[in-house]
> 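Here you go, one structure.
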Amino acid sequence: MSNIKSAFKNGKAFIPFITCGDPDLETTKELIRQAAANGADLIELGIPFSDPTAEGPVIQAASLRALSGGVTTDKIFDMVAEVRHDVDIPFAFMTYANVVYSYDAERFMARCCETGVGGIILPDLPYEEKGEFADVAKQYGIDLIPLVAPTSDNRVAMIAKDADGFIYIVSSLGVTGVRSEITTDLEKIVSVIRENTDVPCAVGFGISTPEQAAAMAGVSDGAIVGSAIIKLVEKYGKDSPKYVGEYIRTMKDALIALN
Amino acid sequence: MSQSKGRFGVHGGQYVPETLMNAIIELEESYNHYKDDPEFNRELTDLLNNYAGRPSLLYRADKMSRELGGAKIYLKREDLNHTGSHKINNVLGQALLAKKMGKKRLIAETGAGQHGVATATAAALMNMECVIFMGEEDTKRQALNVYRMRLLGAEVIPVTSGTSTLKDAVSEAMREWTTRISDTHYCLGSVMGPHPFPTIVRDFQAVISRESRAQILEAEGRLPDAVLACVGGGSNAIGSFYHFIPDEGVRLIGCEAAGRGIDTFETAATVNTGSIGIFHGMKSYFCQDKYGQIAPVYSISAGLDYPGVGPEHAHLHDIGRAEYVPVTDDEAVEAFEFLSRSEGIIPAIESAHAVAYAMKLAPTMSKDQIMLVTISGRGDKDCAAIARYRGEDIHE
């Protein structure tokens with residue numbers, strides 16, 4: 001079993017997303033340290049992909065910046081191994097199926113295991129295709145974290161029954177990116193999840209304000225924030241860790257108030 | 001346990017975001033219902049025959065055969081279809097299916113603009129809204145087609161992400177579909193993407209070989225020795241091959257866009273230079289680096305300028321049933337000019353890739369051998385670009 005579930009043991013979890021290598025891996029390390037120091041319970045580390053079909057413009061641009069800077073899967077594993085010396089909260093990789101497949105799935109899982117990455121989120125690997133990586137992930141104790149969407153309907157129970165780590169609830173139709181309001185009936189989705197598993201669930205896509213985070217974590221076990229953080233990285237570059245740290249503290253405080 | 005669908009050997013599958021899963025399951029169920037429905041097939045046949053102008057001619061190209069000095073060459077004239085290419089075969093099928101499914105809006109990607117024009121045409125005919133995604137680079141290369149789509153009532157959205165070409169248009173259409181599913185059908189233009197698209201598009205394009213097989217038997221009393229078609233995603237090629245696949249004596253040859261050559265980075269010859277990967281909903285061959293980052297590809301042809309290939313082609317390659325050969329920009333341009341002069345037929349630059357390989361292969365064959373070459377589209381759209389390639393200063 002991985003350490004992913006432990007991210008939810010101290011109440012509502014705050015889960016920030018960071019694109020590795022944007023603007024460079026030194027900054028990524030500092031972002032991870034700041035996130036951990038300011039209350040992040042789990043960090044989603046994005047391995048950039050050239051053509052991220054589930055991402056909106058903000059994370060697309062971050063992926064491109066990171067790849068243009070020469071980041072690779074190997075360099076990201078090395079960076080994680082280093083930062084592991086002083087950060088002990090759980091990590092999960094967020095990337096695309098081709099990145100894992102091309103690295104060789106077994107080698108990828110082995111390195112996750114070595115570097116202490118407990119989970120993998122692949123937005124282009126639905127339930128029907130998880131067999132591609134499920135066995136080898138299990139063998140190395142890595143959770144393949146499933147996604148549930150507003151359109152999942154009759155599929156929620158099936159996905160929940162088979163889930164490991166946590167369940168990533170996609171808040172809205174469309175791609176990642178900041179939204180002014182979230183209208184999906186998330187309580188209904190969460191109640192189906194609860195009926196079928198004790199694996200925790202967290203909501204992502206579109207969350208940027210402390211109020212949204214509190215509302216989303218209020219109906220689930222946590223809130224995931226990506227684009228709003230990446231915008232700070234885009235704006236402040238190498239100086240961004242300080243600003244991201246402050247932002248995460250504000251978001252986490254909003255969740256602590258719920259406990 | 002999970003079960004993967006739509007496999008061609010190891011290729012294919014459904015690698016899409018969860019948000020789209022129920023949409024593609026609904027599409028598969030609807031397709032399975034309608035594909036054998038007599039009323040649906042009657043309506044589709046009526047559209048193909050009385051609107052698109054099918055069956056298309058199988059033309060005996062005597063002059064070309066004589067000049068090349070070898071095999072007897074027949075051209076399958078998909079360029080004579082309404083809208084000027086084979087794309088209409090698939091689009092009429094999918095648009096009719098979407099209509100039956102209660103969808104009111106069609107979205108599509110396009111490279112050269114042929115699929116976009118065909119989709120805009122079907123949307124106009126069937127009273128549906130239409131949005132076409134086209135790489136910004138391609139909107140410049142194919143400005144006339146952008147105007148045609150707008151004239152037909154479609155909205156054309158230039159895509160500026162990534163390399164601003166066909167792959168980015170596909171990504172953007174997929175993103176748009178996740179945003180608006182309930183009233184929208186993604187009318188994918190090639191035998192690619194997640195299951196059921198490779199099967200649906202192949203079935204709708206299989207009309208090409210259903211006709212050509214009967215036509216050649218009628219004309220010659222026997223099957224051809226080789227069937228040639230150009231391959232980007234591979235829809236006209238799979239359509240041209242499909243009914244010949246069980247005929248083992250018939251060579252099936254897909255002509256890939258090699259751009260400036262398969263020993264350069266400026267190529268789009270996926271089977272010849274790519275490796276297995278997972279992208280745009282499918283497992284297949286892709287041009288990519290060792291970390292799985294999709295490579296920027298290049299071809300003079302906007303319609304073949306794609307870093308992947310349909311999963312059924314990948315499988316036909318793996319089992320050795322079809323051959324995939326590279327054709328460079330230079331060879332395609334020469335073939336474009338050759339066919340224009342020798343037969344008075346201006347082929348699309350995409351189709352010229354198949355003509356180019358026919359020019360190499362025909363002289364190595366004997367006079368009693370027969371070759372079928374699919375002319376997937378007409379070349380009017382390419383004239384200005386080819387003229388510029390030859391150094392003439394003309395603009396549309």
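Predicted model only: the values in this text are computed from it and were never measured. The sequence lines fix the lettering, A, B, ..., with proteins before strands; numbering per chain opens at 1.
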> Hey, does B:His11 have a side-chain heavy atom less than 4.5 Å from the side chain of B:Ile276?
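Touching, per the 4.5 Å side-chain cut-off.
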> Find the one option among A:Pro57, A:Ser63, A:Pro52, A:Gly56 whose heavy-atom pairs under 4.5 Å with chain B are most numerous.
A:Pro52
> Angle class for the A:Phe77/A:Tyr103 ring planes (parallel below 30°, perpendicular above 60°, tilted otherwise)?
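Tilted.
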> Is A:Arg111 salt-bridged to A:Asp78, cutoff N-O under 4.0 Å?
yes
> In terms of relative ring orientation, are A:Phe49 and B:Phe279 parallel, tilted or perpendicular, with 30° and 60° separating the classes?
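It falls in the perpendicular class, over 60°.
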> Please classify the contact of A:Leu67 with chain B as side chain, backbone, both or neither, using a heavy-atom distance under 4.5 Å.
side chain
> Only pairs of heavy atoms separated by less than 4.5 Å count here; which of A:Val170, A:Asp74, A:Asn154 has the most with chain B?
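Most heavy-atom pairs within the cutoff with chain B belong to A:Asp74.
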> If you apply the rule side chain to side chain contact (heavy atoms under 4.5 Å, CB included), what do you find for A:Lys138 with A:Leu144, and how did you get there?
CA-CA 8 Å; A:Lys138 197 164 225 123; A:Leu144 212 48; over 6 Å; no
> Tell me, side chain or backbone of A:Val148 under 4.5 Å from chain B's heavy atoms, or both, or neither?
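It is the backbone, since no side chain atom gets that close.
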> Between B:Asp168, B:Thr179, B:Ile278, which residue shows the highest count of heavy-atom pairs closer than 4.5 Å to chain A?
B:Ile278
> If you count heavy-atom pairs under 4.5 Å with chain B, which of A:Ile159, A:Leu173, A:Asn98 comes out on top?
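When all of A:Ile159, A:Leu173, A:Asn98 are compared, A:Asn98 has the most.
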> Heavy-atom count check: over 12 atoms from other residues, nucleotides or ligands less than 6.0 Å from B:Lys104 NZ?
no
> Given that the side chain runs from C-beta out, which part of B:Glu176 has a heavy atom under 4.5 Å from chain A: side chain, backbone, both or neither?
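Contact with chain A involves no heavy atom of B:Glu176 at all.
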> Can B:Arg260 be said to sit on top of B:Tyr298's aromatic six-ring, NZ or CZ under 6.0 Å from centre and within 45° of the ring axis?
yes
> Can we say B:Glu350 and B:Lys87 salt-bridge, meaning some charged N sits less than 4.0 Å from an Asp/Glu carboxylate O?
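Salt bridge absent between B:Glu350 and B:Lys87.
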> Measure distances from A:Leu122 to the heavy atoms of chain B and classify the residue's part below 4.5 Å as side chain, backbone, both or neither.
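For A:Leu122, there is no contact with chain B at all, as no heavy atom is under 4.5 Å.
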> Give the member of B:Gly13, B:Ser171, B:Pro17 that has the highest number of heavy-atom pairs under 4.5 Å with chain A.
B:Pro17
> At a heavy-atom separation under 4.5 Å, does A:Glu55 approach chain B through its side chain, its backbone, both, or neither?
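Contact with chain B involves the backbone of A:Glu55 alone.
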> I'd like to verify something: which residue of A:Val99, A:Asp124, A:Thr73 has the highest number of heavy-atom pairs under 4.5 Å with chain B?
A:Asp124
> What residue in A:Ser50, A:Pro48, A:Ala149 has the most heavy-atom pairs under 4.5 Å with chain B?
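Of the options given, most contacts go to A:Ser50.
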